[in-house]
Enquirer: 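Quick one: the structure is below, questions incoming.
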There are 2 protein chains.
Amino acid sequence: MNIRRRHDTIARTLRRNGTATIDELAHEVGASRRTVLRDISALRYDGFVIYSESGPGGGLQLDPQSIQTSARLSVAEVFALLISVAAMRAAQNLPFSDLADAGLAKIEKSLPSEKVRDLRRFLQCLHIGQLSPKQDLSDLGKIDPTLLPAFENAFLEQCLMRFQYRDAKGAKSSREVEPQAMLVLQPLWYLVAWDPMREGFRHFRMDRISAPECVTGTSFRRRHVPFEKDVSPYSDTVAPSSPNVQTK
Amino acid sequence: MNIRRRHDTIARTLRRNGTATIDELAHEVGASRRTVLRDISALRYDGFVIYSESGPGGGLQLDPQSIQTSARLSVAEVFALLISVAAMRAAQNLPFSDLADAGLAKIEKSLPSEKVRDLRRFLQCLHIGQLSPKQDLSDLGKIDPTLLPAFENAFLEQCLMRFQYRDAKGAKSSREVEPQAMLVLQPLWYLVAWDPMREGFRHFRMDRISAPECVTGTSFRRRHVPFEKDVSPYSDTVAPSSPNVQTK
DNA sequence: TAATTAGTGCCAAAATTTGTCACCAATTAT
DNA sequence: ATAATTGGTGACAAATTTTGGCACTAATTA
């Protein structure tokens, strides 16, 4: 039996049985007592909390709260989770945010540092505000799932982004813009971009964007987005409390 | 050098340099060409997308989108993330929910099946509704971070839960109740429980609960919570569309 | 055609993991 | 007090896995 499978089997058996002796585990996984002891040591090192008691009636016991996942998430999935929690936190009182934060912090730790930098820069362009009650929500659609990776890439590479846009009147147009920020006016999400053709900022409702793609070989400079910004994506990131409110 | 560290180093070098030949990587990690080739094969098996080109000027290239995390989250952290995304999804139009779902599905996959069962059962007791505009929010406080594990444990073990409660008038009392569900009326979160002393359901605002603990050795039966239930925690779980609306 | 680079199969050498054994510490039952 | 049971450690040889070297193929560029 593989060493990894053995670890998994031992953890599973401990979970199922509640308590088990080393000899029982050794028989279960088909290995020697010594090897199981080494495995237990490795599991403890990996963060599993395993209590032990000597003597007759003793044995090992696994703290069920210490069970850990080992999922491997892609960067885009991590971004999506982060955005969810960040937006939720900003918009309302999210309970258990400490736990969610701890999880996200662990995820962050396991990412390469340059990806963490990207990620924080990306979240800093997330603006959250209040939706005007006059807004028409009748044609609210679903957001293209390829939009996030495309925007992420264009934003970080600082290259232009091209997509098809359907405006409020249903008119379609092809756009090529500089993606600068995301705006959340729940339940609406907007892409805030500088349109070089029209020489001005434009808001694009994300559910009206289709066929997004990055225009390789282009580049643009970051612009100051005319928005109130008071959202800190992480609780451990101290947001500057200075009122940098601006209106264009 | 350790095999894991070698894999990490190779992935990091590929990210940093954009492109690299096998001989370069072999020199970087201090291993032979053959070993690096085996490592590349293992990385590909693990989900890293690595392109290769033969001939002069060729080499290996890593798709940055395929970079993966390897964070190990505790069950409580996964719960917190799930609740965030589920509540967010239910309350409004959450973009990129497909990606967040994919991430959560992966996390779920890596958990033992009995934990997944627990988790789904737990999320099924999450009710989301609309807050009455009359509600006083002036004393909105922070929710005790130990509440989630305590509730989770009490709910799954079906044992009583004891805590201190501070009601709207500031009066404090000690409670011992059967936890049945969670109710979200954003930004307020409620614990819905059957109070055996008072013989009826009671709502406890979570930010007014302190010192929660499970009463071991007790047990209770699950009761039908008098709530409208139309929230599906997962997109891939088909919610029964039958109108099981009930009012006590 | 020559040079360069990815990729595979094979086998012995190197390294790591495993099992055995002796032994210690703690706890329970007699 | 003593025996029995159970967790835990160190040392060393045996078993297993990983690694390196080699020969070779396939693709691409100059």
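Quick note on labels: first sequence line is chain A, next is B, and so on, each numbered from 1.
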Enquirer: Using a 4.0 Å heavy-atom cut-off, does B/Ile22 contact any base of the nucleic acid, only the sugar-phosphate backbone, or nothing at all?
Expert: sugar-phosphate

Enquirer: Would you mind reading off the distance between B/Ile50 atom CD1 and C/dT5 atom C1', rounded to a whole angstrom?
Expert: 16 Å

Enquirer: Would you say the side chain of B/Arg38 and the base of D/dG20 hold a donor-acceptor pair, judged only by whether the two atoms sit under 3.5 Å apart?
Expert: yes

Enquirer: Looking for any heavy atom pair under 4.0 Å, which part of the strands does A/Ile40 touch: base, sugar-phosphate only, or nothing?
Expert: nothing

Enquirer: Rounding to an integer number of Å, can you tell me how far B/Asn2 CG sits from C/dT17 C1'?
Expert: 13 Å

Enquirer: Would you say the side-chain atoms of B/Gln180 pair up with the backbone N or O of B/Arg223, donor to acceptor, closer than 3.5 Å?
Expert: yes

Enquirer: What integer distance in Å separates B/Leu25:CG from D/dG20:P?
Expert: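 So the CG-P distance, B/Leu25 to D/dG20, works out to 14 Å.
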
Enquirer: Does any donor atom in the side chain of A/Thr13 or A/Arg15 lie under 3.5 Å from an acceptor atom in the other side chain?
Expert: no

Enquirer: Could you state the CZ-C1' distance from B/Arg6 to D/dG20, rounded to the nearest angstrom?
Expert: 11 Å

Enquirer: Quickly work out the B/Asp39 CG to D/dT19 P distance and round it to whole Å.
Expert: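 Whole-Å distance recorded here is 7 Å.
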
Enquirer: Rounded to the Å, how far apart are B/Arg33 CZ and C/dT8 P?
Expert: 11 Å

Enquirer: Give the rounded distance in Å between these two atoms: CD1 of B/Ile3 and P of C/dT16.
Expert: 11 Å

Enquirer: Mark yes or no: A/Arg222 above the aromatic ring of A/Phe155, with NZ or CZ under 6.0 Å from the six-membered ring centre and no more than 45 degrees from the axis.
Expert: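 Yes, a cation-pi geometry.
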
Enquirer: Looking only at atom types and distance, does a side-chain atom of A/Thr35 sit under 3.5 Å from a main-chain N or O of A/Ala31, one as donor and one as acceptor?
Expert: no

Enquirer: On the nucleotide C/dG7, are OP1 or OP2 found under 4.0 Å from the side-chain N or O atoms that B/Ser52 carries?
Expert: yes

Enquirer: Measuring from the side chain of B/Leu37 (C-beta onward, heavy atoms only), which nucleotide among D/dG8, C/dA6, D/dT19 has the closest atom?
Expert: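 When the side chain of B/Leu37 is considered, C/dA6 is the closest of D/dG8, C/dA6, D/dT19.
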
Enquirer: Can you tell me how far C1' of D/dT16 sits from CZ of A/Arg4, to the nearest Å?
Expert: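 The distance from CZ of A/Arg4 to C1' of D/dT16 comes to 17 Å, rounded to the nearest Å.
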
Enquirer: Compute whether any side-chain donor of one residue and acceptor of the other, for B/Asp144 and B/Thr146, lie under 3.5 angstrom apart.
Expert: yes

Enquirer: Can a side chain N or O of B/Thr35 be found less than 4.0 Å away from OP1 or OP2 on D/dT19?
Expert: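 It does not, given that no N or O in the side chain of B/Thr35 lies less than 4.0 Å from OP1 or OP2 of D/dT19.
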
Enquirer: Just compare C/dT28, C/dG7, D/dG7 and give me whichever is closest to any side-chain atom of A/Pro56.
Expert: C/dT28

Enquirer: Given that A/Gly55 and A/Met1 both sit by DNA chain C, which one's nearest nucleotide is further toward the 5' end?
Expert: A/Met1

Enquirer: Quick check for you: among C/dG7, D/dT19, D/dG7, whose closest atom lies nearest to any side-chain atom of A/Leu60?
Expert: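 Among C/dG7, D/dT19, D/dG7, the one nearest the side chain of A/Leu60 is D/dG7.
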
Enquirer: On the nucleotide C/dG7, are OP1 or OP2 found under 4.0 Å from the side-chain N or O atoms that B/Arg44 carries?
Expert: yes

Enquirer: Quick check: on DNA chain D, is the nucleotide nearest A/Arg34 upstream (toward 5') of the one nearest A/Ser54, or the reverse? Name the residue that is more 5'.
Expert: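 In this pair, the answer is A/Ser54.
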
